S.K.: 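The structure that follows is given in the form of structure tokens.
Keep in mind that what you see is a predicted model, and the values were worked out from it rather than measured.
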Amino acid sequence: MRIVLASAAGFLLAGCGGAGGGRQVIAAFYPLAFAAQTIGGPPLHVRNLTPAGAEPHDIELTPRDVAAVQRASVVLYLSHGFQPALEHAVRDASGKRVDVLRGLPVRAGDPHVWLDPVLYARIVRRIGDALGRPRAAGALAGRVLALDRTYRAGLAHCARHQFLTTHAAFGYLAARYGLKQTAITGLDPESEPTAQKLASLARLVRRDHIRTVFFERLVSPKLAQTVAREAGVGTAVLDPIEGLTPSEASHGATYLTLMRQNLAALRRELGCR
């Protein structure tokens, strides 16, 4: 399914004036918008191009969206085909264009670097440099690196190290903490596996004593439910944090709180102590 965004969608909006100088920042999706708004504070206008409840891989831009991208003071985006429509629009942007993947160790076209706190801290600092707020970025990066330490401690002593998820979004997280990700689909959460692959995954679940098939809130859980039902195990959420659901947004969820929820889910699945 493709999503065409209305031009007013996805604002994280604060008051005018002050240190942000009334500048508007366009952020491709939630993790970048969260970092920019946290670093910039109330004076900064941050527009998240991916509204709550939308899957960011799917976005298409209206002409008004494209015009907003081209007028923005700063555009924060990901290359490597994560959002092709935005990558195309940003070529004509008049403001500062910040590809947050540049210089990071991107593997096999996988853009999901924000799920590795160490790499996300580097993104946070890059956004701070682009906004002229390095000290504020350093404070947020410190909180993200504290999260990394929590992950290291929480995953240090686990009975198992393999987990199964619908979407292959957790490769960087798995590599950082010595885990093995197995996915039902590839990097595109909308791709459809064959019946043979689903049956093979069900056999893997039984053989390797996997107890949970993880799914994400912004994509249908049907594939996870199919494998789990065939294998006789449960399902649970492991969030790639590509966006917030409307409920999460209204309850004040953030990148940091969702990452802690992911850690708790992994610890339960992997039998960590």
S.K.: Would you compute the distance between atom CD1 of Ile26 and atom CG of Asp65 and round it to the nearest 0.5 angstrom?
M.R.: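 Reported value, rounded in 0.5 Å steps: 8.0 Å.
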S.K.: If you count every heavy atom of other residues, nucleotides or ligands that lies below 6.0 Å from Arg152 atom CZ, does the total exceed 12?
M.R.: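 Atom CZ in Arg152 is packed in, count exceeds 12.
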S.K.: Any side-chain heavy-atom pair from Asp208 and Leu164 closer than 4.5 angstrom?
M.R.: no
S.K.: Taking side chain as C-beta onward, heavy atoms only, is Arg211 less than 4.5 Å from Arg268?
M.R.: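 They are not in contact (no side-chain heavy atoms under 4.5 Å apart), so the answer is no.
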S.K.: Report yes or no: does His167 contribute a side-chain atom to a donor-acceptor pair with the main-chain N or O of Leu187 at less than 3.5 Å?
M.R.: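 Side chain of His167 to backbone of Leu187: a pair is present.
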S.K.: With distance as the sole test, does Thr185 use its side chain to make a donor-acceptor pair with the main-chain N or O of Thr166 at under 3.5 Å?
M.R.: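 Between the backbone of Thr166 and the side chain of Thr185 there is a qualifying donor-acceptor contact (under 3.5 Å).
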S.K.: Within the structure provided, determine whether Leu145 and Pro117 are in side-chain contact (heavy-atom separation under 4.5 Å).
M.R.: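 The answer is no; the side chains never approach within 4.5 Å.
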S.K.: Is a donor on one side and an acceptor on the other found under 3.5 Å between the side chain of Arg122 and the backbone of Gly103?
M.R.: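 Yes, Arg122 side chain to Gly103 backbone: donor-acceptor pair under 3.5 Å.
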S.K.: Is it true that a side-chain atom of Thr38 and a backbone atom of Ala35 form a donor plus acceptor pair closer than 3.5 Å?
M.R.: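 Between the backbone of Ala35 and the side chain of Thr38 there is no qualifying donor-acceptor contact (under 3.5 Å).
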S.K.: Test your reading of the model: is there a side-chain donor-acceptor pair from Arg133 to the backbone of Gly40, 3.5 Å cut-off?
M.R.: yes
S.K.: Of the non-hydrogen atoms in Leu44 and Gln37, which two are nearest, and what is the gap between them?
M.R.: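 Looks like O-NE2, 3.1 Å.
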S.K.: Look at atom NZ of Lys197 and say whether more than 12 heavy atoms of other residues, nucleotides or ligands are closer to it than 6.0 Å.
M.R.: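 Yes, the 6.0 Å shell around NZ holds more than 12 heavy atoms from other groups.
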S.K.: Starting from Val113, can I reach Val118 by hopping between I/L/V/M/F/W/Y residues whose side chains sit under 4.5 Å apart?
M.R.: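 As far as the 4.5 Å side-chain criterion goes, Val113 and Val118 are not connected within one cluster.
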S.K.: For the residue pair Leu218 and Glu55, what are the closest heavy atoms and their distance?
M.R.: O-CG, 4.2 Å
S.K.: Could you pull out the closest heavy-atom pair between Gln162 and Leu204, with the gap in Å?
M.R.: NE2-CD2, 3.8 Å
S.K.: Let's go through Ser79 and Glu87 carefully: what are the C-alpha distance in whole Å and the side-chain angles of both, what is the deciding distance for side-chain contact (heavy atoms from CB on, under 4.5 Å) to 0.1 Å, and is it a yes or a no?
M.R.: CA-CA 7 Å; Ser79 56; Glu87 281 188 66; 4.0 Å; yes
S.K.: With a 4.5 Å heavy-atom cut-off, do Val75 and Val98 have their side chains touching?
M.R.: no
S.K.: My understanding is that only one of Tyr255, Tyr30, Phe82, Tyr120 makes a ring pair (Phe, Tyr, Trp, His ring centres under 6.0 Å) with Trp114; could you say which?
M.R.: Phe82
S.K.: Can you measure from CG (Leu198) to CZ (Arg203) and round to the nearest 0.5 angstrom?
M.R.: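 Between Leu198 CG and Arg203 CZ, I get 10.5 Å after rounding to 0.5 Å.
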S.K.: Are any non-hydrogen side-chain atoms of Ile39 and Phe34 less than 4.5 angstrom apart?
M.R.: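 Answer no - side chains too far apart.
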S.K.: So which atom in Gln83 and which in Ile59 form the shortest heavy-atom distance, rounded to 0.1 Å?
M.R.: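 Scanning both residues, the minimum pair turns out to be NE2-CD1, 3.4 Å.
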S.K.: Do Tyr177 and Asp148 pair up side chain to side chain, a donor and an acceptor below 3.5 Å, judged on atom types alone?
M.R.: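 Present: a donor and an acceptor within the cut-off.
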S.K.: If I take atom CZ from residue Arg260 and atom OG1 from residue Thr254, how far apart are they, to the nearest 0.5 angstrom?
M.R.: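 Rounded to the nearest 0.5 Å, the CZ-OG1 separation comes out at 7.0 Å.
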S.K.: side-chain contact (heavy atoms from CB on, under 4.5 Å) for Tyr77 and Leu49? Distances and angles first, verdict last.
M.R.: CA-CA 10 Å; Tyr77 72 103; Leu49 277 182; over 6 Å; no
S.K.: If the plane angle is over 60° it's perpendicular, under 30° parallel, otherwise tilted; pick one for His112 and His57.
M.R.: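 Ring orientation, 0 to 90° scale: tilted.
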S.K.: Please step through side-chain hydrogen bond (donor to acceptor under 3.5 Å, both in side chains) for the pair Asp116 and Tyr151, ending with a clear verdict.
M.R.: CA-CA 10 Å; Asp116 175 347; Tyr151 262 73; over 6 Å; no
S.K.: Test Leu131 against Arg23 for side-chain contact (heavy atoms from CB on, under 4.5 Å), laying out the working first.
M.R.: CA-CA 10 Å; Leu131 299 180; Arg23 295 181 303 164; 4.1 Å; yes
S.K.: What is the distance from atom CG of Asp99 to atom CZ of Arg126, rounded to the nearest 0.5 Å?
M.R.: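 Going from the CG atom of Asp99 to the CZ atom of Arg126 covers 7.5 Å.
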S.K.: Are Thr235 and Gln225 close enough that a side-chain donor and a side-chain acceptor fall under 3.5 Å?
M.R.: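 Side chains of Thr235 and Gln225: no pair found under 3.5 Å.
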S.K.: What's the shortest heavy-atom distance between Asn262 and Ile241, and which atoms?
M.R.: ND2-CD1, 4.0 Å
S.K.: If you round to the nearest 0.5 Å, how far is OG1 of Thr150 from CG of Leu263?
M.R.: 7.5 Å
S.K.: Rounded at 0.5 Å granularity, tell me how far CG in Leu258 sits from CG in Leu244.
M.R.: 6.5 Å
S.K.: Quick check: does any side chain N or O of Arg71 sit under 3.5 Å from a backbone N or O of Gln24, one acting as donor and the other as acceptor?
M.R.: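 No.
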S.K.: Transitively linked via ILVMFWY side-chain contacts under 4.5 Å: Phe163 with Val205?
M.R.: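 Result: no, two separate clusters.
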S.K.: Are any side-chain N or O atoms of Thr212 and backbone N or O atoms of Phe214, one a donor and one an acceptor, separated by less than 3.5 Å?
M.R.: no
S.K.: Is there a side-chain contact (heavy atoms from CB on, under 4.5 Å) between Leu266 and Glu269 once you walk through the steps?
M.R.: CA-CA 5 Å; Leu266 286 169; Glu269 164 58 14; 5.7 Å; no
S.K.: Honestly curious: do Leu104 and Leu147 fall in one hydrophobic cluster under the side-chain, below-4.5 Å linking rule?
M.R.: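 Cluster IDs for Leu104 and Leu147 match.
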S.K.: Is there a side-chain contact between Ile184 and Val213 (heavy atoms, below 4.5 Å)?
M.R.: yes
S.K.: Give the minimum heavy-atom separation between Arg267 and Arg273, together with the two atoms involved.
M.R.: NH1-O, 3.8 Å
S.K.: Establish, yes or no, whether the cationic atom of Arg107 lies under 6.0 Å from the six-membered ring centre of Tyr172 and within 45° of the ring axis.
M.R.: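 Satisfied, under 6.0 Å and within 45°.
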S.K.: Charged N to carboxylate O below 4.0 Å: is that the case for Arg217 and Glu248?
M.R.: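 Yes.
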S.K.: In this structure, which one of Leu179, Thr165, Thr182, Asp110 forms a side-chain contact (heavy atoms from CB on, under 4.5 Å) with Phe170?
M.R.: Thr165
S.K.: Any sub-3.5 Å donor-acceptor pair from Arg47's side-chain atoms to Ala27's backbone N or O?
M.R.: no
S.K.: According to a hydrophobic-cluster definition based on side-chain heavy atoms being under 4.5 Å apart (Ile, Leu, Val, Met, Phe, Trp, Tyr only), do Leu238 and Val219 belong together?
M.R.: no
S.K.: Please check if the side chain of Arg160 supplies one atom and the backbone of Ile210 the other of a donor-acceptor pair under 3.5 Å.
M.R.: no
S.K.: Answer yes or no: is there an ion pair linking Asp129 with Lys96, defined by an N-O contact shorter than 4.0 Å?
M.R.: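 Not counted as a salt bridge, because no side-chain N and carboxylate O are separated by less than 4.0 Å.
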S.K.: Around atom NE2 of His88, are there more than 12 heavy atoms from other residues, nucleotides or ligands closer than 6.0 Å?
M.R.: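 No, NE2 of His88 has 12 or fewer neighbouring heavy atoms, counting only those of other groups under 6.0 Å.
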S.K.: Give the cluster check for Phe215 versus Met259: same hydrophobic cluster or not, with ILVMFWY residues linked at side-chain heavy-atom distances below 4.5 Å.
M.R.: no
S.K.: Are Leu256 and Val144 close enough that some pair of their side-chain heavy atoms sits under 4.5 Å apart?
M.R.: yes
S.K.: Side-chain contact test, heavy atoms from C-beta onward, threshold under 4.5 Å: evaluate it for Val106 versus Pro111 and give yes or no.
M.R.: no
S.K.: Look at the side chain of Thr50 and the backbone N and O of Gly243, then say whether any donor-acceptor pair between them is shorter than 3.5 Å.
M.R.: no
